[in-house]
Chemist: 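After the structure tokens below, expect a handful of questions from me.
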Amino acid sequence: MNKPEYLVEVRDLKQHFPIKTGMFSTTPLKAVDGVSFTIKPGETLGLVGESGCGKTTVGRSLLRLYKPTGGQVFFEGEEVTDSNMTALRKKMQMVFQDPYSSLNPRMTVEDIIGEPLDVHKLYRGKKDRREKILNMMELVGLNAEHATRYAHEFSGGQRQRIGIARALAVNPKFIVCDEPVSALDVSIQAQVINMFEELKDKLGVAYLFIAHDLLVVHHIADRIAVMYLGKIVEVASADDLNNAPVHPYTLSLLSAIPIPDPHIAHSRQRIILEGDVPSPMNLPTGCSFRTRCSYATQRCAEECPSLTDRGDGHFVACFNK
Amino acid sequence: MSECLLEVKELCTYFHTEAGEVRAVNGVSFSLEAGKILGIVGESGSGKSVTAYSIMQILAENGRIASGEVLYKGQDVTKFNKSQLKGFRGKVCSIIFQDPMTSLNPVFTIGFQLEEAILLHTGKNKAQARERAIEMLTLVGVNQPDKRVKQYPHELSGGMRQRVMIAMALACEPDVLIADEPTTALDVTIQAQILELMQELQKKLGMAIILVTHDLGVIADMCDEIIVMYGGRVCERGNAEDIFYNPKHEYTKGLLRSIPSIKNAKEKLVPIAGTPINLLNMPKGCAFSSRCDSAMKICLTEMPEEVRLGDTHLASCWVNVKEMMKDGGAKE
Ligand SMILES: Nc1ncnc2c1ncn2[C@@H]1O[C@H](COP(=O)(O)OP(=O)(O)O)[C@@H](O)[C@H]1O
Ligand SMILES: Nc1ncnc2c1ncn2[C@@H]1O[C@H](COP(=O)(O)OP(=O)(O)O)[C@@H](O)[C@H]1O
Ligand code: SF4
Ligand SMILES: [Mg+2]
Ligand SMILES: [Mg+2]
């Protein structure tokens with residue numbers, strides 16, 4: 001049998017949360033509403049979009065922290081949408097944004113990294129366990145002397161290293177990284193971004209790298225998917241997305257990023273979007289972006305544009321661009 | 001030369017804690033001219049907010065201004081009595097915060113809170129205050145202001161709340177607006193709206209702005225003058241051109257190298273080594289010396305003095321002193 005091309009394939013993923021809106025009624029909150037993408041072995045797909053657009057929910061649904069309400073997830077060509085959580089965890093892991101709340105402060109570094117090893121019984125004897133833990137620590141740039149210290153003794157950047165060491169302990173092929181550097185100061189952020197990139201080169205691990213900072217994502221990702229209100233509106237290689245964005249939302253998102261270069265900042269034209277994002281409980285008809293879009297036409301209110309190939313793996317969901 | 005509105009001189013602000021005295025701000029000086037936007041940038045814990053709160057005299061209970069002056073048109077704000085302060089805050093100098101909910105009261109309507117702020121500082125009557133409230137909401141781009149005044153803070157989006165905060169801060173036409181991370185909690189497209197609004201209002205109303213942020217991108221976009229802070233001290237100051245294209249302090253250089261940009265997408269980032277500032281364990285010399293790749297012996301033991309490097313450009317880093325001495329020596 002030949003190897004499947006994709007490590008991860010997501011087809012029409014939906015996550016509708018039932019929200020109580022009255023004594024007997026619920027309204028679906030469409031957090032993720034038909035998302036499809038693929039990730040090749042060793043590839044990094046960046047997922048960007050503003051808060052509430054559904055990025056975290058995509059990650060959590062992939063890892064079955066939520067049961068998806070629709071769609072399919074394939075791992076190495078095999079459908080895993082309904083498979084057992086523990087088995088899945090050996091293949092996919094997750095790293096979270098907040099290194100302060102995602103690690104138990106009363107556990108030592110050794111125990112935190114050892115926990116997944118225990119769960120999946122991945123060692124022979126105490127000595128092997130300790131060796132594996134120290135290996136992981138070295139891999140993420142943690143000092144072996146720190147093994148017996150508690151998580152709360154570490155700074156944000158160090159805690160993020162502990163988090164990723166724990167994720168790597170089961171030797172997964174795929175890691176969902178949910179805003180792993182967003183809470184860190186830029187000087188520390190650079191250390192952690194470099195670590196992610198080194199681990200990718202060394203271990204060939206693939207990432208779904210979720211962030212709201214497009215410059216960070218551009219740096220780390222091979223391809224980037226842009227989400228708006230539960231849907232992917234554009235996917236392209238990182239360079240194409242930055243150099244030749246097509247979707248009106250991507251255009252305004254790119255023009256809104258503060259660029260730490262005064263000449264560029266002053267010479268470019270900001271595309272200021274009017275108003276706020278609509279509620280995912282009350283989505284506009286047709287294209288969800290049309291209420292803020294300057295290209296919108298009658299058709300945008302009537303039909304929902306689907307992602308279409310514009311060549312070279314550049315996909316865009318828009319009728320008018 | 002333009003009028004100097006606010007002058008901060010050798011400001012030192014300390015906090016009393018169980019672990020010891022936290023010297024959050026340690027000899028910060030700057031002056032602010034009318035109509036200018038001054039940016040204060042630095043990583044978290046560098047003393048940006050404490051500097052801002054010291055100007056406003058709104059420090060936490062365990063904090064005190066240990067020494068230094070905050071001069072407004074020549075008068076020392078740190079010596080103001082209660083009634084002088086009441087006249088100063090809001091009317092002369094206003095502040096907005098990262099999280100508008102810290103200053104909006106959840107149990108009162110937007111309109112009520114705006115009117116209160118206006119009544120407190122002006123001789124207006126209730127009807128006039130309501131009129132002014134609606135006028136301010138319109139000014140800051142809040143749609144349907146006559147409907148909004150009846151709403152509560154939680155009914156508004158984050159971006160709308162920040163607009164309301166700006167309206168409240170500007171209601172009494174202060175000379176100085178201090179904005180402490182005003183867009184940090186907002187998404188980029190909303191951030192762009194708010195920054196654009198602040199620029200517009202600054203042009204229209206002519207107030208000076210102190211913009212406090214950790215985001216060098218926001219600074220590059222907005223500021224005429226920039227102060228870079230580290231460990232409670234100013235390590236470099238200059239205009240945007242100086243700071244972004246000719247940084248002279250090793251910390252500023254390190255910061256600029258460590259941020260992902262459009263240009264360096266294919267290169268490895270160059271992080272700043274080490275861990276963030278610990279104010280309880282500061283080096284004797286330069287605050288940055290424990291993380292600095294260029295640190296020399298003198299950096300560890302002696303605090304570098306601020307050296308002028310150009311008309312607008314100053315930095316406190318021994319590397320510059322050394323280079324100047326070398327140049328001076330060569331000339332002789
Ligand atoms: N467990 C949940 N129950 C109900 N609604 C949720 C839940 N998790 C997320 N949401 C909602 O789904 C939407 C997407 O959230 P999220 O995936 O966290 O967005 P992002 O990570 O892009 O900020 C938001 O409107 C959020 O309020
Ligand atoms: N009330 C307080 N008590 C003790 N320490 C404080 C207090 N407020 C601020 N600090 C300390 O002062 C330093 C500077 O804080 P701050 O000005 O808020 O930093 P920034 O705004 O640059 O992130 C930090 O180390 C912070 O912990
Ligand atoms: S489909 Fe229409 S509304 Fe949607 S982004 Fe394109 S032009 Fe705008
Ligand atoms: Mg999220
Ligand atoms: Mg602050």
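Order of the sequence lines fixes the chain letters, A, B, ..., with proteins taken first and strands second; residue numbering starts at 1 for each chain.
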Chemist: Closest approach of B:R291 and A:S187, non-hydrogen atoms and distance?
Modeler: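 Taking every non-hydrogen atom into account, NH2-OG, 3.1 Å.
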
Chemist: If you count heavy-atom pairs within less than 4.5 Å of chain A, which of B:S261, B:A192, B:C223, B:P260 leads?
Modeler: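 The candidate making the most pairs under 4.5 Å is B:P260.
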
Chemist: For the NZ atom on A:K30, are there more than 12 heavy atoms of other groups (residues, nucleotides or ligands in this structure) within a distance under 6.0 Å?
Modeler: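 Result for NZ/A:K30: open.
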
Chemist: Non-hydrogen atoms of chain B under 4.5 Å away: do they reach the side chain of A:N242, the backbone, both or neither?
Modeler: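 For A:N242, there is no contact with chain B at all, as no heavy atom is under 4.5 Å.
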
Chemist: Does A:Y150 have more than 12 heavy atoms from other residues, nucleotides or ligands lying within 6.0 Å of its OH?
Modeler: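 Counting neighbours around OH of A:Y150, 12 or fewer heavy atoms of other residues, nucleotides or ligands fall under 6.0 Å, so no.
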
Chemist: Look at atom CD of A:E274 and say whether more than 12 heavy atoms of other residues, nucleotides or ligands are closer to it than 6.0 Å.
Modeler: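 No.
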
Chemist: Evaluate the side-chain hydrogen bond (donor to acceptor under 3.5 Å, both in side chains) criterion for residues A:Q189 and B:S258: first the C-alpha distance (whole Å), next the side-chain angles of each, then the deciding distance (0.1 Å), finally the verdict.
Modeler: CA-CA 8 Å; A:Q189 182 176 295; B:S258 66; over 6 Å; no

Chemist: Using a cut-off of under 4.5 Å for heavy-atom pairs, which of B:T189, B:I272, B:L186 has the most such pairs with chain A?
Modeler: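 Looking at each of B:T189, B:I272, B:L186 in turn, B:T189 comes out on top.
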
Chemist: Do A:H266 side-chain atoms and B:D221 backbone N/O form a donor-acceptor pair below 3.5 Å?
Modeler: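 Yes: the side chain of A:H266 pairs with the backbone of B:D221.
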
Chemist: Flag the pair B:K268 and A:E197 as a salt bridge only when some basic side-chain nitrogen lies within less than 4.0 angstrom of an acidic carboxylate oxygen.
Modeler: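 Salt bridge absent between B:K268 and A:E197.
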
Chemist: Looking at B:Q191 and A:I257, would you say the former's side chain and the latter's main chain have a donor-acceptor pair under 3.5 Å?
Modeler: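 Answer holds: no.
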
Chemist: Could you look at A:E198 and say if it's the side chain, the backbone, both or neither that has a heavy atom under 4.5 Å from chain B?
Modeler: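 Side chain only.
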
Chemist: Using a cut-off of under 4.5 Å for heavy-atom pairs, which of A:S255, A:P262, A:S252, A:G52 has the most such pairs with chain B?
Modeler: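 Most pairs with chain B among the choices: A:P262.
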
Chemist: Chain A: which of B:H214, B:M160, B:E241 shares the most heavy-atom pairs with it under 4.5 Å?
Modeler: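 Most heavy-atom pairs within the cutoff with chain A belong to B:E241.
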
Chemist: Tell me which of these, A:D213, A:L273, A:N194, has more heavy-atom pairs under 4.5 Å with chain B than the rest.
Modeler: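 The candidate making the most pairs under 4.5 Å is A:N194.
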
Chemist: For A:E50, does its backbone N or O pair with a side-chain atom of B:D187 as donor and acceptor, under 3.5 Å?
Modeler: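 Looks like no, no N/O pair under 3.5 Å.
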
Chemist: What are the two closest non-hydrogen atoms of B:A265 and A:H218, and how far apart are they?
Modeler: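 Shortest heavy-atom contact: CB-CE1, 3.6 Å.
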
Chemist: Please report the shortest heavy-atom distance between A:P260 and B:F244, naming the atom on each side.
Modeler: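 Looking at all heavy atoms of both residues, the shortest contact is O-CD2, 3.4 Å.
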
Chemist: Between atom CG of A:D261 and atom CG of B:L216, what is the distance when rounded to the nearest 0.5 Å?
Modeler: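 It is 11.0 Å, given to the nearest 0.5 Å.
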
Chemist: Do the non-hydrogen side-chain atoms of A:D276 and B:I190 ever get within less than 4.5 Å of each other?
Modeler: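 Yes; the side chains approach each other to less than 4.5 Å.
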
Chemist: Under 4.5 Å from any heavy atom of chain A, what part of B:N264 do you find: side chain, backbone, both or neither?
Modeler: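 Both backbone and side chain of B:N264 come within 4.5 Å of chain A.
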
Chemist: Is the closest side-chain heavy-atom distance between B:V188 and A:H212 below 4.5 Å?
Modeler: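 Of all side-chain heavy-atom pairs linking A:H212 with B:V188, none is under 4.5 Å.
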
Chemist: Tell me, for A:I272 versus chain B, whether the close heavy atoms (under 4.5 Å) come from the side chain, the backbone, both or neither.
Modeler: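 For A:I272, the contact with chain B is made by the side chain alone.
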
Chemist: How about B:Y245 and A:H263: are their ring centres within less than 6.0 Å of each other?
Modeler: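 Distance test on ring centres: under 6.0 Å, yes.
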
Chemist: When you look at A:V186 and B:L255, which way does the side-chain contact (heavy atoms from CB on, under 4.5 Å) test go after all the steps?
Modeler: CA-CA 7 Å; A:V186 287; B:L255 261 189; 3.3 Å; yes

Chemist: Please report the shortest heavy-atom distance between A:R270 and B:Q199, naming the atom on each side.
Modeler: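 Shortest heavy-atom contact: NH1-OE1, 3.8 Å.
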
Chemist: Non-hydrogen atoms of chain B under 4.5 Å away: do they reach the side chain of A:D239, the backbone, both or neither?
Modeler: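 Contact with chain B is through the side chain of A:D239 alone.
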
Chemist: So which part of A:I259 gets closer than 4.5 Å to some heavy atom of chain B, the side chain, the backbone, both or neither?
Modeler: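 Contact with chain B is through both the backbone and side chain of A:I259.
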
Chemist: Minimum heavy-atom separation for A:P258 and B:G217, please, with both atom names.
Modeler: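 Shortest heavy-atom separation between A:P258 and B:G217 comes out as CB-C, 3.3 Å.
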
Chemist: Might you confirm whether atom CG of A:D201 has over 12 heavy atoms from other residues, nucleotides or ligands at distances under 6.0 Å?
Modeler: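 It does: A:D201 CG has more than 12 such atoms within range.
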
